[in-house]
Amino acid sequence: MSISKFLLITMVLISLFVVRLVEADDDDNNQVVNTAAPEGAYTPTYIPTLDCGAACEGRCRLASRQKMCLRACGTCCARCNCVPPGTSGNQELCPCYHDMLTHHGKRKCP
């Protein structure tokens, strides 16, 4: 009799776990973007996020001061959700990344 109780409790716990996973997946897929866009314009149903760690590693792989480059790039990527392609230049492809300045008026993002 104790084995049947154990199986019943295990099945209930597994069912609750599966229900929670399904609810969490539904929450992740329902990130709605502002719908006040002009007619015919592309409006995504979710906001894609960039893997800043991988993007900044690629951007800073040739930098002489890698830790500083990765820290600045990570900050810029988190704020702009964009990192220009390549190891340098191309900043005009990410306007937010390009326009971010330090308190000394220099470009913040590598």
Side-chain angles (χ1 to χ4, degrees):
M1 181 125 162
S2 65
I3 292 177
S4 63
K5 286 182 183 180
F6 175 75
L7 288 175
L8 178 64
I9 292 172
T10 304
M11 289 179 63
V12 169
L13 290 175
I14 290 173
S15 298
L16 291 173
F17 179 72
V18 169
V19 168
R20 177 64 186 127
L21 285 177
V22 170
E23 287 177 354
D25 188 40
D26 285 344
D27 292 342
D28 290 342
N29 291 333
N30 291 330
Q31 295 177 357
V32 178
V33 178
N34 185 4
T35 57
E39 190 173 327
Y42 171 72
T43 54
T45 57
Y46 67 95
I47 300 172
T49 56
L50 180 65
D51 180 9
C52 291
C56 289
E57 281 183 26
R59 182 78 175 169
C60 296
R61 74 176 180 263
L62 299 178
S64 59
R65 298 173 71 185
Q66 284 209 347
K67 285 185 180 181
M68 187 171 72
C69 181
L70 288 170
R71 186 179 65 222
C73 179
T75 301
C76 297
C77 178
R79 291 181 188 169
C80 300
N81 195 32
C82 181
V83 174
T87 56
S88 66
N90 301 321
Q91 289 187 345
E92 64 279 354
L93 298 176
C94 296
C96 170
Y97 193 94
H98 179 266
D99 296 337
M100 202 175 298
L101 301 176
T102 65
H103 61 278
H104 293 297
K106 296 181 180 180
R107 286 209 176 105
K108 177 177 186 68
C109 308

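The closest side-chain heavy-atom distance from His98 to Cys109 is not below 4.5 Å. Using a 4.5 Å heavy-atom threshold, the side chains of Thr102 and Lys108 count as touching. Side-chain contact between Asn90 and Leu93 is present, with heavy atoms from C-beta onward closer than 4.5 Å.
Between Tyr97 and Cys80, the shortest heavy-atom distance links the atoms N-SG, 3.4 Å.
To the nearest 0.5 angstrom, Leu70 atom CG is 11.5 Å from Cys77 atom SG.
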Can Val83 and Cys73 be said to form a side-chain contact (heavy atoms from CB on, under 4.5 Å), step by step?
CA-CA 8 Å; Val83 174; Cys73 179; 4.2 Å; yes

CA sep, side-chain torsions, deciding dist, call: Lys106, Leu101, side-chain contact (heavy atoms from CB on, under 4.5 Å):
CA-CA 5 Å; Lys106 296 181 180 180; Leu101 301 176; over 6 Å; no

Show me the side-chain donor-acceptor pairs of residues 52-61 shorter than 3.5 Å, one per line, residues at least two apart or across chains.
{"residue": "Arg59", "atom": "NE", "partner": "Pro110", "partner atom": "O", "Å": "3.1"}
{"residue": "Arg59", "atom": "NH1", "partner": "Pro85", "partner atom": "O", "Å": "3.2"}
{"residue": "Arg59", "atom": "NH1", "partner": "Gly86", "partner atom": "O", "Å": "3.3"}
{"residue": "Arg59", "atom": "NH1", "partner": "Gly89", "partner atom": "O", "Å": "3.1"}
{"residue": "Arg59", "atom": "NH2", "partner": "Gly89", "partner atom": "O", "Å": "2.9"}
{"residue": "Arg59", "atom": "NH2", "partner": "Pro110", "partner atom": "O", "Å": "3.2"}
{"residue": "Arg61", "atom": "NH1", "partner": "Gly58", "partner atom": "O", "Å": "3.1"}

